[in-house]
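Worksheet for the structure shown next.
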Amino acid sequence: LLVEAGPSEAFVAVGTSAVPTERRGLRGQGAPGVLNATGTLTAAMIASGIVTSTTAAAVTATLDTGAVMDAALQMEIGESFDWSVINTGGAAFTVTAAASGHTVVGAGAVAAATSAIFRTRKTAANTFVTYRLAG
């Protein structure tokens, strides 16, 4: 495998087919996660980097448990990633802690027609903390 990035760093996903994931200030962005009804805010949804909600009803978004997060994501202790909620709906979208192993620090409510940025960090095996950063 040859990756030529010139003066810029290039990041490549490993696996059976190496795919560039970031280059020259650009990064890959899959389809955003969508949650339009009260339910689980899954690891896959938040790992996509963007979660949207368009419903007029209030949404309570419960984070996956630490054990589920650990199984779904290949993260080391101390690693984190940022993700955003874009709420174009008519009521609040509220991020809440899981039943176990995943807590929230800061306000979880994202008001109607606003957005917020969160950071999820692995603090121990099967243990995650999601922080409200802005919004």
Side-chain angles (χ1 to χ4, degrees):
L1 170 69
L2 174 65
V3 176
E4 292 185 28
S8 301
E9 290 183 307
F11 299 91
V12 179
V14 295
T16 56
S17 67
V19 177
T21 59
E22 187 174 334
R23 65 179 173 80
R24 297 182 190 243
L26 303 176
R27 65 183 234 182
Q29 175 63 57
V34 177
L35 189 61
N36 284 322
T38 291
T40 303
L41 188 54
T42 67
M45 286 177 180
I46 65 176
S48 77
I50 300 171
V51 177
T52 64
S53 186
T54 60
T55 184
V59 173
T60 300
T62 304
L63 292 162
D64 265 338
T65 66
V68 171
M69 293 285 293
D70 226 5
L73 304 173
Q74 295 180 357
M75 293 177 67
E76 298 293 325
I77 294 169
E79 289 185 328
S80 66
F81 62 94
D82 293 350
W83 53 280
S84 300
V85 171
I86 302 171
N87 180 12
T88 60
F93 180 100
T94 304
V95 177
T96 61
S100 65
H102 198 161
T103 58
V104 177
V105 174
V110 181
T114 66
S115 60
I117 301 169
F118 295 87
R119 175 169 293 151
T120 296
R121 179 175 179 260
K122 182 175 179 176
T123 59
N126 297 326
T127 309
F128 291 77
V129 178
T130 291
Y131 303 89
R132 170 78 173 259
L133 299 180

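Of all the heavy atoms in Ala91 and Ala112, the pair that sits closest is N-CB, 3.6 Å. The two atoms that bring Val59 and Ala37 nearest to each other are CG1-O, 3.6 Å, heavy atoms only. The shortest non-hydrogen separation linking Met75 to Thr120 is CE-O, 4.2 Å. Smallest separation of non-hydrogen atoms from Ala97 and Thr62: O-CG2, 3.4 Å. Nearest heavy-atom pair, Leu35 versus Ala61, reported as atom, atom and distance to 0.1 Å: CD2-CB, 3.5 Å.
Placement of Ile117 and Tyr131 within a single hydrophobic cluster is found when ILVMFWY residues are connected by side-chain heavy-atom separations under 4.5 Å, directly or transitively. Under a hydrophobic clustering in which Ile, Leu, Val, Met, Phe, Trp and Tyr are joined whenever their side-chain heavy atoms come within less than 4.5 Å, directly or via other members, Val95 and Leu73 fall into the same cluster. A continuous path of Ile, Leu, Val, Met, Phe, Trp and Tyr side chains, each step under 4.5 Å between heavy atoms, connects Leu41 with Phe81, placing both in one hydrophobic cluster. Linking Ile, Leu, Val, Met, Phe, Trp and Tyr residues whenever their side-chain heavy atoms come within less than 4.5 Å leaves Ile86 and Phe93 in two separate clusters.
Atom-to-atom distance recorded for Lys122:NZ and Met69:CE is 10.0 Å, nearest 0.5 angstrom. Here Met45 contributes atom CE and Asp64 contributes atom CG; the two are 9.0 Å apart, rounded to the nearest 0.5 Å. To the nearest 0.5 Å, the span separating CG on Asp82 from OG1 on Thr130 amounts to 10.5 Å.
No side-chain donor-acceptor contact under 3.5 Å links Asp70 to the backbone of Ala125. Checking side-chain atoms of His102 against main-chain N and O of Phe128 turns up no donor-acceptor pair under 3.5 Å. Judged by distance alone, with hydrogens and angles left aside, the side-chain atoms of Asn87 form a donor-acceptor pair with the main-chain N or O of Ala111 at under 3.5 Å. Under the 3.5 Å distance criterion, the side-chain polar atoms of Ser48 are matched with a main-chain donor or acceptor of Gly33. Panel note: side chain Arg132, backbone Val104; no donor-acceptor pair is recorded below 3.5 Å. Judged purely by atom type and a 3.5 angstrom limit, Thr38 uses its side chain to pair as donor or acceptor with the backbone of Thr60. Side chain of Thr55 to main chain of Ala57: a donor-acceptor pair is present (N/O by atom type, distance under 3.5 Å, no hydrogens or angles).
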Candidate pair Ile46 and Val51, rule side-chain contact (heavy atoms from CB on, under 4.5 Å), full reasoning: CA-CA 6 Å; Ile46 65 176; Val51 177; 4.3 Å; yes

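In terms of the salt bridge (charged side-chain N to carboxylate O under 4.0 Å, His left out) criterion, Arg121 has no residue partners (sequence neighbours excluded).
Atom CD of Gln29 is surrounded by more than 12 heavy atoms from other residues, nucleotides or ligands within 6.0 Å.
Residues Leu63 and Phe118 have side chains not in contact (no heavy-atom distance under 4.5 Å, counting atoms from C-beta outward).
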